[in-house]
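Every heavy atom of this structure was used, including side-chain atoms; hydrogens, water molecules and symmetry mates were not. In listed order, ligands and their atoms are each counted from 1.
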Amino acid sequence: VLSIVVLISGGGSNLRALLEAAADANFPARIVAVGSDNDAPGLEHAEAFGVPSFTVVPTAFADRASWGDELLAQVEAWSPDLVVCAGFMRILPPRFVAALSPNLINTHPALLPAFPGAHAVRDALAAGVAETGVTVHIVDEGVDTGPVLVQRVVPILAGDTEFDLHERIKIVERDVIVSAVESIAERRIVLPEPARNRQHQENPS
Ligand code: GAR
């Protein structure tokens with residue numbers, strides 16, 4: 001059984017979908033902890049399912065790197081096989097990514113490489129494209145640039161607001177993230193081997 005830490009920043013509807021899936025004894029993954037960068041409303045879902053949570057707030061640290069180091073320590077305390085960013089709205093610092101990738105995945109509300117960043121739904125609407133969607137990908141050191149694992153298309157409808165479209169994307173997204181996790185656990189999606197020497201390359205000393 002794959003053990004997972006989920007990172008969130010907001011409402012946590014994707015987290016909830018994962019918790020509900022993992023509540024089935026036949027699901028091949030367990031959520032061992034949920035982490036956040038703020039007092040996110042979605043942490044209530046963790047509590048409702050009896051899953052421990054932790055919060056590491058950036059303003060409590062001198063810089064992004066030391067915030068990332070503490071977040072990494074909190075995550076690693078659970079020795080997860082996989083870390084899932086599900087609406088985690090901060091860019092993860094290089095040491096965090098190097099320590100966990102490729103066992104670090106993210107769900108993004110667009111068809112990457114189109115519309116990376118924090119406003120993917122708004123940007124897709126503004127671009128006037130006919131369709132957008134969901135991407136689950138491995139997190140690398142860029143912003144939404146890592147290898148794509150799964151994508152699913154969501155049509156944009158006439159009159160869609162950002163809220164409407166994001167809600168329709170999230171319905172699909174919950175299904176995509178749950179099945180991506182299931183596929184990783186069952187090795188139908190095989191993540192590459194970790195590059196164990198990467199940290200040394202990053203911190204030549
Ligand atoms: C999701 O749509 C997720 O893809 C998006 O935030 C939403 C979180 O919803 N993430 C990003 O935009 C990351 N760039 P949730 O809190 O209800 O799961």
Side-chain angles (χ1 to χ4, degrees), residues 4-23 29 31 33-49 51 53-56 58 64 68 71 82-93 96-97 100-101 104-127 129 131-157 160-182 184:
I4 297 176
V5 170
V6 181
L7 298 179
I8 66 165
S9 295
S13 65
N14 286 289
L15 164 66
R16 182 155 190 112
L18 287 165
L19 287 163
E20 284 171 355
I31 298 168
V34 175
S36 181
D37 61 331
N38 74 97
D39 193 10
L43 292 173
E44 286 176 15
H45 300 308
E47 197 178 349
F49 280 78
V51 171
S53 65
F54 57 87
T55 300
V56 185
R64 248 168 52 77
L71 187 67
L82 181 70
V83 177
V84 178
C85 298
F88 190 70
M89 298 306 285
R90 286 182 196 275
I91 295 165
L92 293 162
F96 187 99
V97 174
L100 296 173
S101 188
L104 174 63
I105 66 172
N106 178 47
T107 178
H108 183 78
L111 297 174
L112 292 171
F115 312 118
H119 305 292
V121 180
R122 189 189 306 172
D123 293 347
L125 274 176
V129 293
E131 54 187 32
T132 184
V134 172
T135 302
V136 173
H137 65 97
I138 297 173
V139 176
D140 70 3
E141 280 160 26
V143 178
D144 301 325
T145 52
V148 170
L149 300 174
V150 189
Q151 290 191 303
R152 200 166 320 157
V153 172
V154 176
I156 297 181
L157 304 182
D160 262 350
T161 63
E162 183 181 354
F163 179 84
D164 297 335
L165 178 56
H166 202 171
E167 288 301 301
R168 272 208 334 285
I169 289 172
K170 283 201 211 176
I171 291 169
V172 173
E173 189 173 25
R174 294 194 275 269
D175 189 55
V176 170
I177 190 63
V178 168
S179 59
V181 163
E182 190 175 30
I184 291 167

Near [X], which atoms of ligand 1 are under 4.0 Å from a heavy atom of that residue?
X	value
M89	10 (N), 11 (C), 12 (O), 13 (C)
N14	1 (C), 9 (O), 15 (P), 18 (O)
H108	4 (O), 14 (N)

Could you tell me whether some N/O pair between T107 and ligand 1 is separated by less than 3.5 angstrom? yes
Are side-chain heavy atoms of [X] and [Y] found at a separation under 4.5 Å?
X	Y	answer
F96	V139	no
H45	V34	no
L149	I184	yes
V51	V6	no

Is [X] atom [atom1] crowded by more than 12 heavy atoms from other residues, nucleotides or ligands, each under 6.0 Å away?
X	atom1	result
E44	CD	no
E20	CD	yes
I91	CD1	no

I need the nearest protein heavy-atom contact for [atom]: residue, atom name and distance, please.
atom	result
atom 7 (C) of ligand 1	H166 NE2, 3.7 Å
atom 17 (O) of ligand 1	S13 OG, 2.6 Å
atom 14 (N) of ligand 1	G117 O, 3.3 Å
atom 12 (O) of ligand 1	P109 CD, 3.4 Å

Kindly give the heavy-atom pair with the smallest separation between A17 and V178, and that separation in Å. O-CG2, 3.7 Å
Closest non-hydrogen atoms of P155 and R168, given as atom of the first, atom of the second and distance, are O-NH2, 2.7 Å
With a 4.0 Å cut-off on heavy atoms, is [X] touching ligand 1?
X	result
I8	no
G11	yes
H119	no
P116	no

Which one of K170, E173, R174 has a non-hydrogen atom at the shortest distance from atom 2 (O) of ligand 1? E173
Out of A118, G12, G87, P41, whose heavy atom sits nearest atom 16 (O) of ligand 1? G12
